[in-house]
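Data block below; observations after.
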Amino acid sequence: MLKRTRFLLPLRKFIFREFVPNISYSIRWLLFTIVIGLLVGSASAVFLISLDWATQFREANLYMIFFLPLGGFIIGWVYHRYGSSVVKGNNQLLEEFYNPLKIIPLRMAPLVLFGTVMTHLFGGSAGREGTAVQMGGAIADQFTKWFKLPHTDRRTIITIGVAAGFASVFGTPLAGAVFALEWLVIGRLRYEAILPAFLAAVIADHACADLWAVHHTHYSIPLVPQLDLMLLLWIIPAGICFGLAGRLFALSTHFWSGIFSRKISYPPFRPLVGGVIIAASVFLMGETKYIGLGIPTIVDAFSEDLPWYDFLIKTAKTSLTLGAGFKGGEVTPLFYVGATLGNALAEWIPLPVALLAGMGFVGVFSGATNTPLACILMGLELFGIAPGIYIALACVLAYLFSGHSGIYGSQVIGSPKHISLLGKKGRRIK
């Protein structure tokens, strides 16, 4: 009887002190993840449907580009009047992750959706990742308020929202989860959030694709040569070019943002002036391929001969659009810049044009966002395993040669310990 008691007592303590609380904790996070994934995936679906309508309407009615300055003023005024607490966008998510101060207002989600759709409707050059990430972060952070979560749990909640938003808007759940873990602190992955991030990414992707029947663009790399030493050496200059292009994109965006902030004190006038410049350039060039998402040009980059300067014009127009205060993301324009640069490099680098376009597609993204692992996974999800070595090397080289100059000004170079004390444990990128 005594031996039985000695055995049962530790077992009982284990069950009630460790096993039961862990099960309860896991169930709570599972429910959080499911609900957030469904909400964010549905929000991304509504956003993508609205964006598709705006793009089709603009292309069928090109006179809308005349009203880009007016659209910019409306976006600027709405944010100046109602969105001053959320105007920082993605950088606000980063700052709240590092130094939690207050819950991200839910208004961030509808405001950024409105601003991005308006930007595309009138002919701005922008993407969609920033919108989905901001909607995901804002929706998820409401759970912090409703359930009074501590700061450590709040970081996981924000990570879940970012993963769900990124995964659902691109249809890449693996890349979405790792992006959320990787972009928050350069050089440090948050493994404590790895399971909920992956679950949220998968759930959000299925919610967008299956519940709302929203489909994503498919890309193909039909020919992948067997890797040998000579081809390996040719990847190096390609990766360097992709990294420098990512750096140029980031520096250009920061440059225009600084110019408009310093020269124009009234915020609504910034996108108005930017809209005048962009609209004038469209009509002077007589070409609309450099505005909007530019997906048709991205697709063409995998098979057609394109002008070598496409990536430079897209960089200029997108950096001006976003720097002036229009809303949207940077990632799809980065895909455009990378794919068209890869297309141009095919003239000098003896690799198939589709392979170089695919390498640039994710390589420039890697260099501009400092997220090489997420970009490698995105390449595998979009193009398959066959070009995996080429894609991985391109992403890593681009990351290394872009420096730490990224599109997210609040991104922090991390340390292995607590990154919440920015002045002591981490530093912002330049």
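Note that this is a predicted model, so its numbers are computed, not measured.
Relative orientation of the Phe179 and Trp183 rings is parallel, given thresholds of 30° and 60° on the angle between their planes.
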>> Pair Phe361, Phe383 - check ring-ring contact (aromatic ring centres under 6.0 Å, His included), show working.
In response: CA-CA 11 Å; Phe361 185 104; Phe383 309 125; 5.6 Å; yes
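In this structure, the side chain of Asn61 does not engage the main chain of Met64 through any donor-acceptor pair within 3.5 Å.
Salt bridge Arg154/Glu96: present, at least one basic N to carboxylate O contact under 4.0 Å.
Here the closest non-hydrogen pair linking Ala43 and Ile139 is CB-CD1, 4.0 Å. Considering all non-hydrogen atoms of both residues, Thr315 and Leu248 come closest at CG2-CG, 4.3 Å. Of all the heavy atoms in Thr156 and Ala193, the pair that sits closest is CG2-CB, 4.0 Å.
The aromatic ring centroids of Phe147 and Phe32 lie less than 6.0 Å from each other. A distance of 6.0 Å or more separates the ring centres of Tyr336 and Phe311. Between Trp53 and Phe57, the gap from one ring centroid to the other is short of 6.0 Å. Aromatic ring centres of Phe66 and Tyr63 lie farther apart than the 6.0 Å criterion allows.
A side-chain donor-acceptor contact under 3.5 Å links Asp52 and Gln56. Between Glu182 and Asn370, the side chains place no donor N or O within less than 3.5 Å of an acceptor N or O (distance only, hydrogens not considered).
The cationic atom of Lys314 (NZ for Lys, CZ for Arg) does not lie both less than 6.0 Å from the six-membered ring centre of Tyr290 and within 45° of the ring axis.
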Please tabulate, for the side chains in residues 157-171, all donor-acceptor contacts under 3.5 angstrom to protein atoms that are two or more places apart in sequence or on a different chain.
from, atom 1, to, atom 2, distance (Å)
Thr159, OG1, Arg155, O, 2.8
Thr159, OG1, Arg190, NH1, 3.2
Ser168, OG, Ser44, OG, 2.7
Ser168, OG, Ala164, O, 2.7
Ser168, OG, Gly165, O, 3.2

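The neighbour count for Lys289 NZ, taken as heavy atoms of other residues, nucleotides or ligands under 6.0 Å away, is above 12.
Residues satisfying the side-chain hydrogen bond (donor to acceptor under 3.5 Å, both in side chains) criterion with Thr131, sequence neighbours excluded, are Thr116.
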